[in-house]
Amino acid sequence: MAYFLRQSVVRLGPELNFYCISKSQRIFPTWGFFNEFGSPRFYSSFARMSSMTPPKEALEFLDFVNASPSPFHATHEAVKLLQQAGFKELKERDNWNEGKIKNGGKYYFTRNGSSVVAFAVGEKYKSGNGFSIIGAHTDSPCLKVKPVSKKEKAGYLEVGVQLYGGGIWHTWFDRDLSVAGRVLIAHEDGTFKHTLVKVDRPILRIPTLAIHLDRGAATEFKFNSEAQLTPILATATKSALNGTDKPTDENAESEKNHHPVLIKVLAGELNVKPAQIRDFELALYDTQPSAIGGVFNEFIYSPRLDNLEMSFCSIKALVNTADQLADESNIRLVTLFDNEEIGSTTAHGANSNLLPSTLKRLTAMKIGSDKVSATAFEESLHKSYLISADMAHAIHPNYAEKHEDNHQVAMHKGTVIKINANQRYATTAVTTVILKELAKTHNIPVQEFVVRNDSPCGSTIGPMLSAKLGLRTVDVGNPQLSMHSIREVGGTEDIPNAIKLFDAFFLKFAELDAKITVD
């Protein structure tokens with residue numbers, strides 16, 4: 001149930017602005033005025049429009065992205081969605097044979113706590129059949145705390161950070177920042193546990209230089225990413241007055257490498273002693289929550305749309321269709337990789353053995369049959385299809401000349417099929433037809449995108465997985481603005497559109513694929 005909170009505004013007549021606050025504290029504006037009894041009523045020609053209410057999938061995504069300031073948190077949130085839908089946890093280190101994987105079963109496992117693979121086995125699946133796969137990634141450009149981050153300059157305590165990925169770093173100035181990630185905690189029994197941490201208040205800030213000291217800043221903002229992209233944690237004076245400038249344990253390595261006050265904040269969040277913190281991987285994040293915006297509540301203003309939006313849509317589609325396996329002859333699979341923003345060549349990235357080893361293990365099992373062909377893995381690859389799901393570039397109204405004339409994709413008009421003649425995207429005519437047919441049959445809008453010839457083209461996990469496995473692959477993504485900024489912009493309607501497209505893919509690909517032959 002929603003309720004209304006009156007906001008102080010300048011009045012022109014009886015009109016008054018309201019904010020609609022949902023049970024989960026997601027905030028989006030609406031408009032109205034009081035009637036003669038003091039009760040709120042709304043303009044029938046405006047606020048009652050159905051388009052004023054954001055799709056529930058967009059609101060669910062806000063919860064997901066707000067809870068996911070790091071790849072570790074994003075993986076954790078994805079796992080929560082899977083567990084709620086009855087998916088059973090597996091471990092890569094365990095034996096999956098002897099009937100552990102069954103027709104109609106739903107399973108998942110994680111690697112490094114930052115990547116996750118989830119799959120649902122069709123009731124009619126048998127070894128050698130295909131896989132219906134969607135791949136996305138959990139990481140986004142950010143600043144990460146250095147292994148030795150302790151800095152002190154001009155009476156300020158600062159935290160040394162590294163650049164992760166290709167961020168638009170000037171957008172990180174003058175933002176209310178905090179830290180999140182994983183911490184390795186030493187316990188009394190001698191074990192070390194991976195523990196998530198998210199400091200929910202702003203503790204860091206990277207201030208810009210006043211224009212009075214840099215007259216060129218109004219028209220051209222330049223900075224040194226080592227010296228000037230360094231967040232302030234506290235003043236040395238306050239740290240000393242509060243007794244937080246000295247380590248609590250002289251033998252604690254974490255307090256030697258980092259400001260003791262930062263370690264104390266982390267220890268307080270985790271309810272452990274500072275000396276128990278042995279190491280961590282922390283990312284900075286903007287504490288301003290994601291929000292629904294625009295006069296028609298049609299935009300999502302948020303960090304990490306690239307690529308948590310497609311990660312969310314992928315998992316939701318798998319969950320939506322996981323109980324409709326009676327006629328399914330494939331295994332439906334979603335894999336969310338880490339480290340796409342830095343090239344994917346890590347143990348938990350798309351250029352690792354994560355997907356190949358998973359497919360090999362599954363094809364080698366006696367699922368739905370007592371016999372397994374010696375070439376079951378190779379057979380299955382040619383019956384499989386991969387959707388590489390990564391966000392796309394919506395046309396920018398202030399830079400329209402940067403977009404190719406005939407491929408100017410827009411929000412609310414469908415998920416984008418991305419094509420590049422130099423195979424920076426893995427899409428081909430065959431893979432395009434398959435996705436378009438699924439979209440057409442289910443009345444789901446899609447668009448097509450290419451970059452201008454005089455513009456560089458980004459890439460995705462699609463080409464490397466397509467090359468590594470010989471998989472038919474299509475690159476897709478929802479349109480957005482401000483990609484790689486600390487605050488990006490997406491469309492609310494594009495989230496349910498993508499989920500519907502992925503639902504259709506999982507439910508109907510195997511049936512459609514039987515009608516297509518290209519050798």
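Along the sequence shown, the residues carry numbers beginning at 1. A quick note: this is a predicted structure, and the numbers were derived from the prediction, not measured.
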Just wondering, do [Y] and [X] contact through their side chains at under 4.5 Å, heavy atoms?
| X | Y | answer |
| --- | --- | --- |
| Y164 | L284 | no |
| T473 | L465 | no |
| F131 | Y125 | yes |
| L82 | E77 | no |
| T358 | T335 | no |
| F312 | I495 | yes |
| I315 | F64 | no |
| V450 | N420 | no |

Decide if atom [atom1] of [X] counts as having more than 12 heavy atoms of other residues, nucleotides or ligands within a radius under 6.0 Å.
| X | atom1 | result |
| --- | --- | --- |
| N95 | CG | yes |
| K383 | NZ | yes |
| K360 | NZ | no |
| D189 | CG | yes |
| K146 | NZ | yes |
| K144 | NZ | yes |
| D94 | CG | yes |
| K500 | NZ | no |

Between [X] (side chain) and [Y] (backbone), is there a donor-acceptor pair under 3.5 Å?
| X | Y | value |
| --- | --- | --- |
| S254 | I277 | yes |
| N66 | S290 | yes |
| T171 | I486 | yes |
| N339 | T345 | no |
| S115 | H348 | yes |
| T492 | A58 | no |
| S357 | N353 | yes |
| Q447 | G414 | yes |
| E341 | G166 | no |
| S380 | E378 | no |

Determine the minimum heavy-atom distance between [X] and [Y], stating which atoms define it.
| X | Y | result |
| --- | --- | --- |
| S482 | E488 | O-CG, 3.2 Å |
| E340 | S459 | OE2-O, 3.5 Å |
| F505 | Y385 | CE1-CD2, 3.3 Å |
| S485 | I168 | N-CD1, 3.8 Å |
| A317 | F502 | CB-CB, 3.3 Å |
| T75 | G113 | CB-O, 3.4 Å |

Rounded at 0.5 Å granularity, tell me how far [atom1] in [X] sits from [atom2] in [Y].
| X | Y | atom1 | atom2 | value |
| --- | --- | --- | --- | --- |
| L355 | I133 | CG | CD1 | 5.0 Å |
| N97 | M365 | CG | CE | 5.0 Å |
| S132 | R332 | OG | CZ | 7.5 Å |
| M464 | T460 | CE | OG1 | 7.5 Å |
| L501 | H442 | CG | NE2 | 10.0 Å |
| I300 | N478 | CD1 | CG | 9.0 Å |

| task | Give the intermediate values and the outcome of side-chain contact (heavy atoms from CB on, under 4.5 Å) for residues T138 and N307. | result | CA-CA 6 Å; T138 60; N307 192 41; over 6 Å; no
| Step by step, would you call V179 with L266 a side-chain contact (heavy atoms from CB on, under 4.5 Å)? | CA-CA 9 Å; V179 293; L266 296 174; 4.2 Å; yes
| query | Run the side chain to side chain donor-acceptor pair (under 3.5 Å) check on D139 and H137 step by step: do they pass? | reply | CA-CA 6 Å; D139 63 318; H137 64 90; 2.9 Å; yes
Check [Y] with [X], please: is the shortest side-chain N to carboxylate O separation under 4.0 Å?
| X | Y | result |
| --- | --- | --- |
| K316 | E60 | yes |
| R472 | D513 | yes |
| E328 | K124 | no |
| E404 | R452 | no |
| R424 | D475 | no |

| said: Under the criterion side-chain contact (heavy atoms from CB on, under 4.5 Å), I'd like the reasoning laid out for V197 against R182: C-alpha separation, chi angles, the key distance, then a yes or no. | reply: CA-CA 6 Å; V197 67; R182 71 164 166 199; over 6 Å; no
| field | Verdict with supporting geometry, E98 and K100, salt bridge (Lys or Arg N to Asp or Glu O under 4.0 Å) | value | CA-CA 6 Å; E98 300 175 359; K100 183 169 280 191; over 6 Å; no
| said: Under the criterion salt bridge (Lys or Arg N to Asp or Glu O under 4.0 Å), I'd like the reasoning laid out for K198 against D200: C-alpha separation, chi angles, the key distance, then a yes or no. | reply: CA-CA 6 Å; K198 177 174 180 273; D200 279 320; 2.5 Å; yes
| message | Could you check whether H412 and E298, counting side-chain N and O atoms only, form a donor-acceptor pair closer than 3.5 Å? | response |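 Checked: E298/H412 side chains pair up, N/O donor to acceptor below 3.5 Å.
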| field | Full working for salt bridge (Lys or Arg N to Asp or Glu O under 4.0 Å) between E253 and R278 | value | CA-CA 7 Å; E253 185 178 354; R278 294 303 175 86; over 6 Å; no
| task | Kindly indicate whether a cation-pi arrangement holds for K418 with F449, taking the cut-offs as under 6.0 Å to the six-membered ring centre and within 45° of the axis. | result |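 The answer is no, since K418 fails at least one limit relative to F449.
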| said: In terms of relative ring orientation, are F119 and W96 parallel, tilted or perpendicular, with 30° and 60° separating the classes? | reply: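 Aromatic pair F119/W96 classed tilted.
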| Would T428 and T431 count as a side chain to side chain donor-acceptor pair (under 3.5 Å) if you check the C-alpha gap in whole Å, the side-chain angles of each, and the deciding distance to 0.1 Å? | CA-CA 5 Å; T428 66; T431 59; 3.3 Å; yes
| field | Worked verdict on Q480 versus H393 for side chain to side chain donor-acceptor pair (under 3.5 Å) | value | CA-CA 5 Å; Q480 71 162 97; H393 300 291; over 6 Å; no
| query | Does the pair K436 and E448 meet the rule for a salt bridge (Lys or Arg N to Asp or Glu O under 4.0 Å), with working shown? | reply | CA-CA 10 Å; K436 281 185 174 180; E448 291 178 293; 3.2 Å; yes
